[in-house]
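Presented below is the structure to which this report refers.
All values below were derived from every heavy atom in this structure, side-chain atoms included, with hydrogens, water molecules and symmetry-related copies excluded.
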Amino acid sequence: GPKAPDALAAVNADLPSLHRHDLGWVRWISAPLLSLLKVFHWICSSWGVSIILLTLLVRLILFPINRRSQTAMARYTAKMKRLQPRIDELKKRYESDPAKQRTEQAKLMQQEGAFPPLGGCLPMFLQIPVFIGLYRALGISFDLRQEPFMGWITDLSLPDRLVEINLHLWPFGLIPYLNILPPIMVALWVWQQKMMPAPADEQAARMQKMMMFMPVMMGVFLYNYAAGLSVYMITQSGLAIFGMKISRKDWPPDDKDVAPKEDGFGAKMLALQEQAEAQKRAKGRAR
């Protein structure tokens, strides 16, 4: 359960190691997050507002990476829209030969340098350690214990517990309380994903549809967890949605179609493919 390191140290100098043990292998991120929360609490005297300020700080740190990712994705989408008629033509031409169709389509993509940006998911992956660290930190933080935030949120270390319902729901068993924050969190996650630009290729579009189920699964998983984590995720999604709206309306990312570099990755892959095809033809002639 929650432990106060200062109180433990007053009894025995070795006891604070219990707190570090509870943080586990994520203490390298959980401990700094707790320290930042304490700094923000010293400024504003509210743990709920401190969590919101921490979220703002994370968004500001990741903003340059996020903006670069948006620009790369916008350019890739624009290029795929330009190439789509040629891709459709290849599908019709090699309709009876799927292998040849894939080869020619790959050659076209390599010639035009139309590769999905490798950093497209980087901002999300960089936020995962923060999420895991905060998940662990809020579970063992003594400072957030019995700390209210607003309205019905009377304890940031527990679920928000709007009203007692004692509902038996298969397959989850007994649901003692109706928690409002997790459904709000899920709704904002789904809204955020729907605002993402539609992928140009079919495989990415299918993957995006499958990802729509992830927020629901996370909402079920976090339904009975600390309200402080829900406040963090709601603020994170709200800021992301606000940023997308501003980006689309007043500051759209640069989506100009950049010509592929002659010595870039696509050109090297194309050269390797042409070399492999030439060797294959030479072996055929030799036979």
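Atoms CG and CZ, on Asp155 and Arg161 in that order, are 8.0 Å from each other to the nearest 0.5 Å. We find the CD-OG1 distance between Glu147 and Thr154 to be 11.0 Å, quoted to the nearest 0.5 Å. With rounding to the nearest 0.5 Å, the separation of CD in Gln193 from CD1 in Ile241 is 10.5 Å. The distance from atom CZ of Arg59 to atom CD of Gln236, rounded to the nearest 0.5 Å, is 5.0 Å. Separating the CG atom in Leu57 from the CD1 atom in Ile52 is a distance of 14.0 Å, to the nearest 0.5 Å. A distance of 5.5 Å separates CG of Leu181 from CH2 of Trp152, quoted to the nearest 0.5 Å.
Nearest heavy-atom pair across Val190 and Pro215 is CG2-CB, 4.1 Å. Shown here for Val231 and Gly48, the closest heavy-atom pair between the two residues is CG1-O, 4.3 Å. Residue Leu178 comes nearest to Asp160 through the heavy atom pair O-OD2, 4.5 Å, listed as atom of the first residue, atom of the second, then distance. Of all the heavy atoms in Gly133 and Leu33, the pair that sits closest is C-CD1, 3.9 Å. When all heavy atoms are compared, the tightest approach of Phe149 to Val49 is CE1-N, 3.7 Å. Looking at every heavy atom in both residues, Ala226 comes nearest to Leu156 through CB-O, 3.4 Å.
No single ILVMFWY cluster, assembled from side-chain heavy atoms under 4.5 Å apart, contains both Leu144 and Phe142. Tracing side-chain contacts under 4.5 Å through hydrophobic residues (I, L, V, M, F, W, Y), one reaches Ile51 starting from Ile29; they form part of the same cluster. Hydrophobic clustering places Tyr225 together with Leu169 (ILVMFWY residues linked when any side-chain heavy atoms are closer than 4.5 Å, directly or through intermediates). If you chain together hydrophobic residues whose side chains sit under 4.5 Å apart, Tyr177 and Leu222 never meet in one group. Grouping the Ile, Leu, Val, Met, Phe, Trp and Tyr side chains by contacts below 4.5 angstrom, directly or via other members, places Trp28 with Leu54.
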Assess whether side-chain contact (heavy atoms from CB on, under 4.5 Å) is satisfied between Tyr135 and Val26, documenting all intermediate values. CA-CA 10 Å; Tyr135 175 89; Val26 295; over 6 Å; no

Give the C-alpha distance, both sets of side-chain angles, the deciding distance and a yes or no for side-chain contact (heavy atoms from CB on, under 4.5 Å) between Tyr94 and Glu89. CA-CA 9 Å; Tyr94 302 105; Glu89 181 183 349; over 6 Å; no

What do the steps show when you test Leu239 against Thr55 for side-chain contact (heavy atoms from CB on, under 4.5 Å), and what is the final call? CA-CA 9 Å; Leu239 291 173; Thr55 314; 4.3 Å; yes

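Here the side chains of Lys38 and Trp47 are in contact, with some heavy-atom distance below 4.5 Å.
Just one residue in the list Met214, Met218, Lys194 forms a side-chain contact (heavy atoms from CB on, under 4.5 Å) with Trp189, and that residue is Met218.
In this structure a side-chain-to-backbone donor-acceptor pair under 3.5 Å is missing from Tyr223 to Pro182. Checked by atom type and distance alone, the side chain of Arg27 never pairs as donor or acceptor with a backbone atom of Asp22 at under 3.5 Å.
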